[in-house]
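Following: one structure in structure tokens, then a few remarks.
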Number of protein chains: 2
Amino acid sequence: MAEQEGGKRGGIDPAGRSAVVDLIAVLVAVTAGEPRVMTLDGGRALPSGPFELAHRSLQSGLRDWVEQQTHHPLGYVEQLYTFADRDRGAGPAAARVISISYLGLTREEVGRDSAQGWRSWYDYFPWEDWRSGPPAVIEKVVAPALTVWAETGSAERRHRVALAFGLGGNPWNEDLTLQRYELLYEAGLVAEAQQPRADEQGSGVPGRAMLADHRRILATGIARLRAKIKYRPVVFELMPPMFTLLQLQRCVEALGGRLVHKQNFRRLVEQQELVEETGETAAETLGRPAKLFRFRHAVEVERAIAGTKLPLIRS
Amino acid sequence: MAEQEGGKRGGIDPAGRSAVVDLIAVLVAVTAGEPRVMTLDGGRALPSGPFELAHRSLQSGLRDWVEQQTHHPLGYVEQLYTFADRDRGAGPAAARVISISYLGLTREEVGRDSAQGWRSWYDYFPWEDWRSGPPAVIEKVVAPALTVWAETGSAERRHRVALAFGLGGNPWNEDLTLQRYELLYEAGLVAEAQQPRADEQGSGVPGRAMLADHRRILATGIARLRAKIKYRPVVFELMPPMFTLLQLQRCVEALGGRLVHKQNFRRLVEQQELVEETGETAAETLGRPAKLFRFRHAVEVERAIAGTKLPLIRS
DNA sequence: CAACTTATGCTCAAAGTGAGTATTGTCATG
DNA sequence: CATGACAATACTCACTTTGAGCATAAGTTG
């Protein structure tokens with residue numbers, strides 16, 4: 001089916017059947033209540049590099065590139081998505097490039113030279129941060145522009161816009177980050193959608209642009225992470241070994257871009273036995289001192305058991 | 001970063017930076033209460049083919065291959081996973097192949113010449129069907145063999161086995177299909193794990209083998225589908241336009257490999273307003289005639305709104 | 001000490017779930 | 001034509017899980 005390629009160098013490829021494969025990382029940390037993503041090139045690109053024969057696997061290839069480019073170790077990693085759209089790559093004459101993207105979770109290391117690359121992901125998606133209420137940018141810029149665009153389309157298009165951005169009485173759903181970005185792209189409101197000139201923001205919407213489809217990949221990562229923290233205890237990959245429940249809450253809020261009910265959040269965390277007390281208490285500056293907790297790693301296995309939602313029968 | 005490849009033929013590749021990319025489909029239908037998967041080569045392979053420059057996108061490339069190989073139209077499609085493990089491909093001297101896998105959902109078309117390829121997925125994973133209680137094959141073959149293997153490893157290995165296969169009082173979790181297959185592979189109990197001889201089943205566990213890593217990809221598809229029907233109304237892609245609630249239930253049971261509580265299942269379906277009455281009733285053979293329902297396509301958009309699980313605050 | 005800020009405890013009602021029991025239509029059959 | 005067999009539907013009931021608050025407790029700062 002596929003011709004063999006034995007050695008270190010590939011052969012001629014008459015059928016156009018081989019492609020360049022890029023590995024791209026969305027590396028996330030939460031620091032000081034801000035969700036941050038590792039970038040290169042002045043914030044315009046995600047860490048990435050081609051998959052090479054020398055790499056043992058996709059993941060190890062990714063690890064090599066990220067650690068080489070950012071000098072930051074890669075912890076928890078999961079695959080995100082594989083993209084290969086033609087007109088969505090690096091310019092009009094782009095080669096056929098396949099982008100295999102990964103989501104990585106870590107913590108920022110203080111005093112590292114990697115400190116340069118971290119940026120708040122809300123720099124790229126200002127409309128995604130609802131922690132201080134509905135972002136003004138939506139009402140002032142995004143909604144009007146999208147509404148104009150939607151008017152020129154079908155009713156279904158208007159419906160998609162209303163649903164994704166919580167317009168017309170619809171509730172906001174933080175998990176739709178990717179759909180929102182894709183809508184803005186379709187509407188030509190993000191810089192990446194303007195083929196020729198890459199840098200001018202023009203008639204677009206606020207939010208930093210990135211090279212090629214990196215911002216789309218970032219949106220994919222955010223969406224995945226926002227969805228995942230709800231059913232898998234992955235937040236802890238972003239926390240220090242010991243933390244207070246408020247710190248944990250702030251982390252979740254940073255990721256979700258929404259505030260949560262403090263008491264109910266604690267109830268949830270405790271009843272699910274996600275954490276255990278360390279016995280120590282935090283040396284805070286303000287308020288009653290909080291107990292310090294640590295993640296109960298045991299739940300990672302226990303949680304594998306859960307999962308269902310169908311009205312099963314016992315027997 | 002990546003060298004340009006202009007025309008129909010690729011160039012020399014000194015850095016080993018280009019790879020062959022295969023597109024692989026797990027095409028599923030449910031017929032007569034059995035979950036079935038489309039296969040080729042006498043049930044030993046999934047539909048697949050290389051991604052070529054001529055393809056507009058990964059999905060369209062996949063569609064081309066599947067429709068050409070199976071003469072069956074492809075409906076709902078979603079990406080599954082991208083594999084590229086070295087020692088897991090087509091034999092020891094395998095080229096570096098990247099497999100991008102997709103899950104497709106359809107219905108079998110009667111009287112099609114594509115009818116050949118459909119097989120029950122439980123032919124490949126007999127231990128996954130719990131609809132008539134715990135499969136004998138687990139108690140008789142799988143559990144003993146895995147226990148022997150686990151004894152030779154760490155306590156953590158024993159724990160993984162117990163969890164994945166519901167041993168030692170652990171509950172069965174139908175979503176762990178992939179983990180179970182991977183454990184069996186690790187333990188050398190599936191034919192694919194024996195490098196040299198491919199066909200002899202020998203000391204292994206019952207269940208049909210497949211070429212290369214196709215069975216692993218099938219397991220990935222099953223796991224994804226089992227998980228997904230719980231939070232997204234995808235079952236309906238597998239149903240005819242009109243159906244009774246019992247037919248719907250049988251379909252869900254076929255996929256999950258477990259029986260569900262009839263009354264509660266109906267309550268769930270109705271309270272979520274997934275279906276609406278057609279007014280007609282089924283011309284059954286047995287029992288009180290059932291109302292025929294159709295899927296409320298409106299929920300596909302409505303459902304996009306749902307999704308949360310965090311204890312949000314209103315404000 | 002008063003004012004502030006955060007940590008924790010508790011309550012309450014509304015929904016959602018797991019497991020059954022009871023009743024109602026139809027068809028096939030002795 | 002009464003009786004089963006087999007499903008479709010209706011309802012119950014006891015919990016559990018959530019969404020929203022109210023009320024205290026325990027430090028820090030001026």
Side-chain angles (χ1 to χ4, degrees), chain A residues 32-33 171-174 229-231 242-253 256 258-294 303 305-315, chain B residues 33 171-174 230-231 242-253 256 258-294 303 305-315:
Chain A
W172 175 259
N173 181 349
E174 67 277 5
I229 53 172
K230 286 161 195 159
Y231 63 95
M242 299 205 307
F243 47 83
T244 69
L245 293 183
L246 185 59
Q247 285 166 350
L248 183 63
Q249 180 183 344
R250 294 287 178 241
C251 180
V252 167
E253 290 175 334
R258 320 190 64 169
L259 300 179
V260 308
H261 182 114
K262 188 195 265 201
Q263 296 93 322
N264 291 348
F265 176 76
R266 288 154 171 278
R267 177 172 66 186
L268 197 80
V269 169
E270 282 167 359
Q271 89 183 9
Q272 296 197 160
E273 300 184 293
L274 295 173
V275 299
E276 62 192 5
E277 296 188 13
T278 62
E280 301 175 56
T281 89
E284 296 277 310
T285 28
L286 228 57
R288 171 174 170 177
K291 289 181 190 161
L292 282 169
F293 293 83
R294 79 168 66 87
R303 198 48 55 85
I305 305 182
T308 188
K309 208 69 198 296
L310 293 179
L312 292 180
I313 217 158
R314 32 140 229 173
S315 135
Chain B
W172 175 258
N173 180 347
E174 67 278 3
K230 286 159 196 161
Y231 63 97
M242 298 205 307
F243 48 83
T244 69
L245 293 182
L246 185 60
Q247 285 165 352
L248 183 63
Q249 180 184 342
R250 294 286 178 243
C251 180
V252 168
E253 290 174 335
R258 321 190 65 170
L259 299 180
V260 308
H261 183 115
K262 188 195 264 201
Q263 297 92 320
N264 290 349
F265 177 76
R266 286 152 173 278
R267 178 173 65 186
L268 198 80
V269 168
E270 282 167 0
Q271 91 185 7
Q272 297 198 160
E273 301 184 293
L274 295 172
V275 299
E276 63 192 4
E277 297 188 12
T278 63
E280 302 175 56
T281 91
E284 296 278 308
T285 28
L286 229 56
R288 172 174 170 180
K291 289 180 189 162
L292 282 169
F293 293 83
R294 78 168 67 88
R303 199 48 55 85
I305 306 182
T308 188
K309 210 65 196 297
L310 292 179
L312 292 180
I313 217 157
R314 32 143 225 172
S315 129

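Each chain gets a letter, A, B and so on, in the order the sequences are listed, and its residues count up from 1.
- To the nearest angstrom, C1' of C/dT24 lies 13 Å from NZ of B/K262.
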Taking it one step at a time, do B/L274 and B/F293 satisfy side-chain contact (heavy atoms from CB on, under 4.5 Å)?
CA-CA 10 Å; B/L274 295 172; B/F293 293 83; over 6 Å; no
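- The CD-P distance, from B/Q271 to D/dA10, rounds to 15 Å in whole Å.
- In this structure, CZ of B/R266 is placed 18 Å from P of C/dT17, rounded to the nearest angstrom.
- A donor-acceptor contact shorter than 3.5 Å links the side chain of B/T278 to the backbone of B/L292.
- Among residues two or more places apart in sequence or in another chain, the side chain to side chain donor-acceptor pair (under 3.5 Å) test is passed with A/Q272 by none.
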Along nucleotides 20-30 of chain D, 5' to 3', which nucleotides get a B, which get an S, and which get a -, given that the test is a protein heavy-atom distance under 4.0 Å?
BBB--BBSS--
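- One interatomic measurement links the two molecules: CD of B/Q249 to P of D/dA7, which rounds to 11 Å at whole-angstrom precision.
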Worked verdict on B/V269 versus B/R266 for side-chain contact (heavy atoms from CB on, under 4.5 Å):
CA-CA 5 Å; B/V269 168; B/R266 286 152 173 278; 5.8 Å; no
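- At whole-Å resolution of the value, CD in A/E253 and P in C/dT6 are 12 Å apart.
- Within residues 274-281 of chain B, no residue has any heavy atom under 4.0 Å from DNA chain D.
- The structure places NE2 of A/H261 at 13.5 Å from CG of B/L310, a figure rounded to the nearest 0.5 Å.
- For the pair B/E253 and B/L259, the tightest heavy-atom approach, listed with the atom from each and the gap, is OE2-CA, 3.5 Å.
- Between B/F265 atom CZ and D/dT9 atom C1' the separation is 15 Å, expressed in whole Å.
- Judged by distance alone, the side chain of A/Q249 and the main-chain N or O of A/V260 form a donor-acceptor pair under 3.5 Å.
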Go through it in stages, so that I can follow the logic: the residues are B/I313 and A/K262, the test is side-chain contact (heavy atoms from CB on, under 4.5 Å), and I'd like the CA-CA distance, side-chain angles, deciding distance and then a yes or no.
CA-CA 9 Å; B/I313 217 157; A/K262 188 195 265 201; over 6 Å; no
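- Within the 4.0 angstrom heavy-atom criterion, only backbone atoms of the sugar-phosphate kind lie near A/L246; the bases stay farther away.
- As rounded to whole Å, 13 Å separates atom C1' of C/dA7 from atom CD of A/Q247.
- To the nearest angstrom, P of C/dT17 lies 11 Å from CG of A/L310.
- The heavy-atom pair separating A/A282 from A/P289 by the smallest distance is O-CB, 4.0 Å.
- Each of A/L268 and B/L245 was matched to the nucleotide of DNA chain D holding its nearest heavy atom; the match closer to the 5' end belongs to B/L245.
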